[in-house]
Amino acid sequence: MKKILLSIWAVSLFFSCSTQESVIYLDEMDLSYMETGWGEVNASLSAEGNPLTVAGKVYERGVGTHAISTLLLDLKGKAVTFHSFVGIDDESGEKASVEFFVLADGWILWHSGLMHYGDPARQVKLDVSGVRKLGLYVSDGGDGIGWDHADWLDTQIGYHKVRPEPVRSFIAEPNVLTPPPPDMPRINGPEVYGARPGSRFLYKIPVTGKRPVRFSGEGMPEGLVLDGQNGIISGACSLRGTYPVTIEATNEHGSVKKVLQIIIGDTICLTPPMGWNSWNCWGLSVDQQKVQAAADAMISSGLADHGWTTINIDDGWEAASRTPSGELLSNDKFPNMKALGDYVHSQGLKLGIYSSPGTHTCGGFLGSWEHEAQDARTWAGWGIDYLKYDWCSYERIAADHSLAELQKPYLKMQNALSELPGDIIFSLCQYGMGDVWTWGAMVGGNLWRTTGDINDTWNSMAGIGFSQDTCSAYAGPGHWNDPDMLVVGKVGWGPSLHPSRLTPDEQYTHISLWCLLSAPLLIGCDLNSLDAFTLNLLTNDEVIAIDQDPLGRQATRIKEESGRQVWAKPLKDGSLAVGLFNTGDPSPAGMFDWTGGQHTETVSVTWEELGITGPKKARDLWRQKDLGTFDREMKFPVNHHGVMLIRLSGSTN
Ligand code: GLA
């Protein structure tokens, strides 16, 4: 009898243990794989970091996001319940509208219907027994993502034994495509380089191949000298003109020649700037040592051999007050700016700096308000070659957003820069206000940001990149649209860093699209922790050549079909760079990878669509391989969120 009672007790204990449900809240999970269309994903706070509040009701727990937002949870078939409220946060504006979806293994399990600002939160109570993958998706409600601050509230999952965990929305196998450069020297970089008459000239010839490499040049204009050991051209040339200089690079494997057109005239920045900027990795924690380390890594990683030349200090270098005579100083983190400038130049690289026309920068440091000419002189004294000038607190000074007000601070700084003896590339940063691309060149801009800040998510990068069609007519030699810095490699906005949350295919899309757009290429990651995959993204000379093509035309969108886009950019030699993009199935289920397999789509384009005729040779630029000749159209399978970047040349070129 005792035995029977014991076994009944054991069976019931087993039964109660195996059915005992644990609960995990969404805000307790690692949310780094959650995508958000703007700002940060915040546990128990809204997208702007406020208490989660919907229709006047405050929720202690939940996750604040911004449309378009996705999160895939691996439930492993062990969860039983999903309970939540959803709603638009009160911090957003009246235009906000979103739709919340809960998807299970590829099917829509629940959706909220269209929700608007002020709607009370809606409740979701679902049985998720047996579900393996659960997708949480917030759409933009069909009217763009503006104002769409969307909250998952009191969100909890009941499960047995195995905790649900967030996973990447899509599989991510890093796959190196760029072939290593040959041992023979290869001269990379643009075919043209501009400087103003009499300005300090500095150009490091980008060359790959086995070291040591020796350099020589024929046809060098008066005043410029080429250092045969390190390939740096320096000096100053005061005579205007176009000078075709034949550069020769030689090593133990052979020798190559390339003609570089040195153009001494009024226009600088003849091809989009290429370099590094401290913001996307170090944020305000940047310091002199980190900048110097970036310059060193630019050389030691070999990036400079592919044309990456500028080292830009973003916000966070400025002292808290000016000297009695109004001079702007660097703060303690930058003990000696002049020495830093000299050091960077000694490597053949350029140094950039950051300021604001307002009283303060976006990071709260001193801006150049009412000290424009004085600051420009200070920077010139440090050897600065590039200025990013960021609107920030000028918002409080500007009377309104009329064109005259938007242009005023930039004209003022441009006047100050034009008084300096040297060339300073002028980068406007005001997030695209007043369609800056239509007038940025008129206020002296060599480049201008066209949008708000980028982050390392597909929604941000693709949202910015694929929206650049509107401004493509305005890019050209000396003046470029700037869709913001690159988010490949280790980023984090300082001080801690994480690997870019873009999948490898998304990173190929990012670099290919920026090159097609003739965008300034500013690496945003830590150059001292570059992995092989990131280096492969940044050292493909055939891809970079698309960005640096001397014609300077920006790609336009040729066509857009559901989940596919084709962009094309005409090149100087008559060939055409074409990007075939798989931007993904835009349906709610297409937001996630349910099977763990690679989702390819066939992307095609006809010659009629491209406006070309006759047989064309196609070259796959990432793999640097010829694909054969095509007569009237081409089509290729393209990975999810990935790209095929192709150069189409006539049979004669
Ligand atoms: C703004 C700019 C960024 C960066 C920061 C610095 O947000 O858009 O690129 O320069 O300011 O504070």
Side-chain angles (χ1 to χ4, degrees), residues 37-40 47-49 66 272-273 275-287 290-291 294 310-320 328 330-331 333-334 351-369 375 379 384 386-398 406 409-410 413 425-434 436-437 440 445-457 460-461 463-465 467-468 480-488 491-495 497 500 510 514 519-526:
W38 178 89
E40 298 293 316
E48 279 180 25
H66 192 289
W276 173 85
N277 175 295
S278 57
W279 185 248
N280 289 357
C281 52
W282 303 124
L284 296 176
S285 73
V286 64
D287 61 36
K290 290 191 175 100
V291 174
T310 306
I311 300 289
N312 286 347
I313 309 167
D314 207 279
D315 204 357
W317 63 269
E318 313 87 336
L328 183 59
S330 55
N331 59 37
K333 294 187 293 154
F334 286 85
L351 186 65
I353 210 155
Y354 167 98
S355 190
S356 169
T359 54
H360 290 86
T361 65
C362 296
F365 289 81
L366 272 190
S368 294
W369 169 238
D375 289 355
W379 299 324
I384 295 298
Y386 184 116
L387 169 67
K388 173 174 170 184
Y389 207 42
D390 193 350
W391 179 266
C392 302
S393 69
Y394 195 83
E395 183 62 26
R396 294 197 287 273
I397 294 165
L406 291 173
Y410 291 99
M413 181 50 81
I425 291 179
F426 191 27
S427 156
L428 276 45
C429 179
Q430 45 84 290
Y431 339 116
M433 287 185 294
V436 61
W437 45 91
N446 297 116
L447 58 151
W448 44 81
R449 278 273 297 281
T450 53
T451 67
D453 291 12
I454 198 168
N455 65 42
D456 56 324
T457 61
S460 169
M461 183 279 290
I464 290 176
S467 72
Q468 298 297 297
W480 309 101
N481 292 308
D482 175 7
D484 208 0
M485 299 167 290
L486 302 175
V487 281
V488 301
V491 293
W493 293 266
L497 305 178
S500 172
H510 185 17
W514 262 235
L521 298 178
L522 293 168
I523 302 171
C525 67
D526 176 15

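Keep in mind the model is a prediction, meaning the values are calculated, not measured. When a ligand or atom number is given, it counts from 1 through the structure's own listing order.
- Near ligand 1, residues W279, D314, D315, Y354, C362, G363, K388, D390, C429, Y431, R449, D453, M485 come within 4.0 angstrom through at least one heavy atom.
- C281 has its SG atom 2.5 Å or further from the SG atom of C525.
- In terms of the salt bridge (Lys or Arg N to Asp or Glu O under 4.0 Å) criterion, D315 has no residue partners (sequence neighbours excluded).
- For the salt bridge (Lys or Arg N to Asp or Glu O under 4.0 Å) test, no residue two or more places apart in sequence or in another chain qualifies with D390.
- The main-chain N or O of L447 is never found under 3.5 Å from a side-chain atom of S427 such that the two would form a donor-acceptor pair.
- Between the side chain of T359 and the main chain of W369, no donor-acceptor pair closer than 3.5 Å is present.
- Remark: S467 engages no residue in a side chain to side chain contact (heavy atoms under 4.5 Å, CB included) (not counting sequence neighbours).
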